[in-house]
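First comes the structure, then the notes that go with it.
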Amino acid sequence: MATGTVWLSAALWIQTSTRAEVEEVLDARLAEAANMVSSLISDHRIEVAQAGDRMLPVPVPREASYSKQLSCQIWSLDGGMVGRSDGAPDVELTHVANEGYSKSVIDGEPWRVYTLVNKELGVRVMVGDSLAVRDGLVRDVLAGLLFPAALVLPVLAAILWISVARGLAPLDQLANTLRTRSPSDLSPLPDGAAPREIKPVRTALNTLFSRVASARDVERNFTTYAAHELKTPLSGLRTQAQVMRLSDDPEVRDRALAAIERSVDRTDRMVRQLLELAAVERSEEDSEQIDLTLLMQETAADLRILAKEREVTLETAAPDKAVWMRTSPFLLQAALRNVIENAIHASPRGARVTVILDGTTFIIRDEGGGIPPELLDRVQTRFTRGPGSGANGSGLGLSIVASAMQRLNGEVKFIQGQDGGQTVELKLSP
């Protein structure tokens with residue numbers, strides 16, 4: 001369809017441009033013939049003093065077949081015909097007296113005429129040709145140009161069709177291979193002969209399969225670990241509930257009830273962090289202009305209840321003025337809250353957790369046992385617990401931090417204190 005449109009447009013353009021060029025050449029021939037006749041009259045090689053019925057040949061190049069179609073008339077300025085070529089009309093070629101090109105109709109046939117006025121001799125030379133002759137000449141020229149193209153077009157279309165079909169055959173084979181695949185089959189496409197243009201597609205698909213397989217493995221592991229971690233507190237809940245049902249001892253029942261509360265707290269924290277991790281990973285990173293100082297103070301205020309329950313002092317230090325930055329408040333608050341919460345859980349009773357805002361970097365220090373060097377490489381992976389996480393630790397906090405900071409194009413840095421404790425820096429890119 002597109003190729004046919006292009007060829008049709010080309011044919012119309014050729015017709016228009018060829019007609020314009022041919023008419024320009026033919027007009028030039030009319031002027032040339034009129035000037036030649038006027039020159040011959042001036043040189044007295046043609047005598048025009050005789051009667052007007054005298055036949056006057058028009059000398060033009062013999063090799064130009066078009067010259068046989070020219071008609072010439074010589075008129076005196078007072079309106080009498082003093083000469084004409086063989087076959088020229090008996091009536092005046094044009095009624096336009098001024099020198100130049102004009103159009104006229106003779107016996108119902110349109111003509112193109114060039115008029116040359118020779119005032120020295122007192123004559124007017126008119127040379128014209130029939131527009132029907134011109135149209136026939138244009139048609140002949142166009143036929144000579146378009147006829148070979150008309151013969152070549154079907155051949156070219158066939159070659160193009162075959163070439164495209166052969167070029168798309170590997171894509172059809174690839175599509176058939178993908179269509180018959182099982183949805184769970186994410187193995188790389190088999191190697192084989194393929195055109196150079198198909199190899200990038202195959203490479204891209206294999207890369208996509210590899211990434212999807214990795215994501216699927218991560219999700220499977222996540223589901224497995226989450227089920228296992230949730231099973232532990234739920235099993236504890238059931239055991240303690242059975243203890244309460246079977247025992248009449250108030251102390252035993254109180255201990256069982258306290259264990260149930262701890263299991264509920266642990267389960268609640270794990271579910272909350274699982275939901276938060278999912279929200280962080282699917283966040284669209286809607287950024288806005290926020291005050292980092294205010295965000296830090298609001299986050300610390302939310303966690304002071306937890307700090308009070310753990311008998312930990314939570315302090316903040318920030319510049320006196322607002323620190324504005326365009327970022328995602330949800331992702332940043334998720335990262336900051338989880339670092340502070342981990343620091344509170346890792347700190348012993350009576351300890352202090354300090355949150356400092358230095359430029360666009362949050363510095364969180366605690367007085368806990370710190371993260372062992374052997375865990376630093378994998379502490380940000382899911383369900384990896386540090387030694388100070390306690391019974392309520394889920395191993396998800398730092399993985400939420402890592403995911404949020406990665407989406408913020410930020411950096412997480414762990415610094416071990418010389419006198420114990422752990423320092424975590426959340427550095428944002430301005």
Side-chain angles (χ1 to χ4, degrees), residues 226 229-230 232-234 236-237 240 251 254-277 280 293-318 332-357 362-372 375-376 379-380 382-402 404-405 412-426:
E229 294 299 325
L230 287 172
T232 301
L234 291 177
L237 281 172
Q240 296 302 325
E251 293 184 1
D254 288 342
R255 287 195 299 269
L257 183 59
I260 290 176
E261 290 178 348
R262 289 193 298 271
S263 296
V264 170
D265 290 341
R266 178 181 177 185
T267 305
D268 176 72
R269 185 185 180 198
M270 180 177 296
V271 171
R272 176 171 51 81
Q273 288 187 319
L274 286 171
L275 295 174
E276 189 172 34
L277 179 61
V280 166
T293 301
L294 180 60
L295 183 139
M296 180 187 71
Q297 293 172 348
E298 291 177 348
T299 305
D302 292 340
L303 292 172
R304 279 201 168 90
I305 297 177
L306 174 64
K308 186 177 180 179
E309 292 176 353
R310 303 278 302 177
E311 298 181 12
V312 173
T313 302
L314 179 57
E315 299 179 349
T316 59
L332 180 56
Q333 192 167 42
L336 183 60
R337 182 177 59 250
N338 277 277
V339 174
I340 298 175
E341 187 176 355
N342 273 16
I344 293 173
H345 280 285
S347 298
R349 298 184 181 278
R352 177 181 287 101
V353 173
T354 306
V355 184
I356 303 171
L357 176 60
F362 293 95
I363 303 172
I364 300 93
R365 296 175 181 154
D366 64 51
E367 297 176 356
I371 300 175
L375 286 180
L376 285 177
V379 72
Q380 298 181 67
R382 299 169 181 176
F383 303 108
T384 299
R385 293 193 184 94
S389 59
N392 288 336
S394 63
L396 291 173
L398 291 181
S399 64
I400 295 174
V401 174
M405 292 302 293
V412 184
K413 189 175 181 180
F414 297 94
I415 303 174
Q416 190 74 32
Q418 295 180 353
D419 299 329
Q422 182 73 50
T423 298
V424 180
E425 294 184 359
L426 303 180

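Predicted model only: the values in this text are computed from it and were never measured.
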Among all residues two or more places apart in sequence or in another chain, which pass the side-chain contact (heavy atoms from CB on, under 4.5 Å) test with Arg304?
Ala300, Ala301, Leu314, Thr316
Report yes if the side chains of Ile364 and Thr423 come closer than 4.5 Å at any heavy-atom pair, otherwise no.
no
Atom CG in Leu336, atom CD in Glu298: separation rounded to 0.5 Å?
11.0 Å
To the nearest 0.5 angstrom, please state how far the CE atom of Met405 sits from the CD atom of Glu425.
10.5 Å
Check whether any side-chain heavy atom of Phe362 sits under 4.5 Å from a side-chain heavy atom of Val339, and report yes or no.
no
Quick check for you: to the nearest 0.5 Å, what is the distance between Asn338 atom CG and Leu426 atom CG?
10.5 Å
List in chain and number order the residues that pass side-chain contact (heavy atoms from CB on, under 4.5 Å) with Glu311, two or more places apart in sequence or in another chain; answer none if no residue qualifies.
Arg349
Considering non-hydrogen atoms only, spot the tightest contact between Thr354 and Ile356 and give its length.
CG2-CG1, 3.8 Å
State, to 0.1 Å, how close Ala335 and Val401 come at their nearest heavy-atom pair, and which atoms those are.
O-CG2, 3.4 Å
Do Val312 and His345 have side-chain heavy atoms sitting under 4.5 Å apart?
no
Any donor-acceptor N/O pair, Gln422 side chain to Asp366 backbone, under 3.5 Å
no
Any side-chain to backbone donor/acceptor pair from Arg352 onto Glu367? Under 3.5 Å, distance only.
no
Residues forming a side-chain contact (heavy atoms from CB on, under 4.5 Å) with Lys308, sequence neighbours excluded:
none
Say you draw a straight line from CG of Leu357 to CE of Met296; how long is it, rounded to the nearest 0.5 Å?
5.5 Å
Inter-residue atom distance Ile340.CD1 - Leu303.CG, 0.5 Å rounding:
6.0 Å
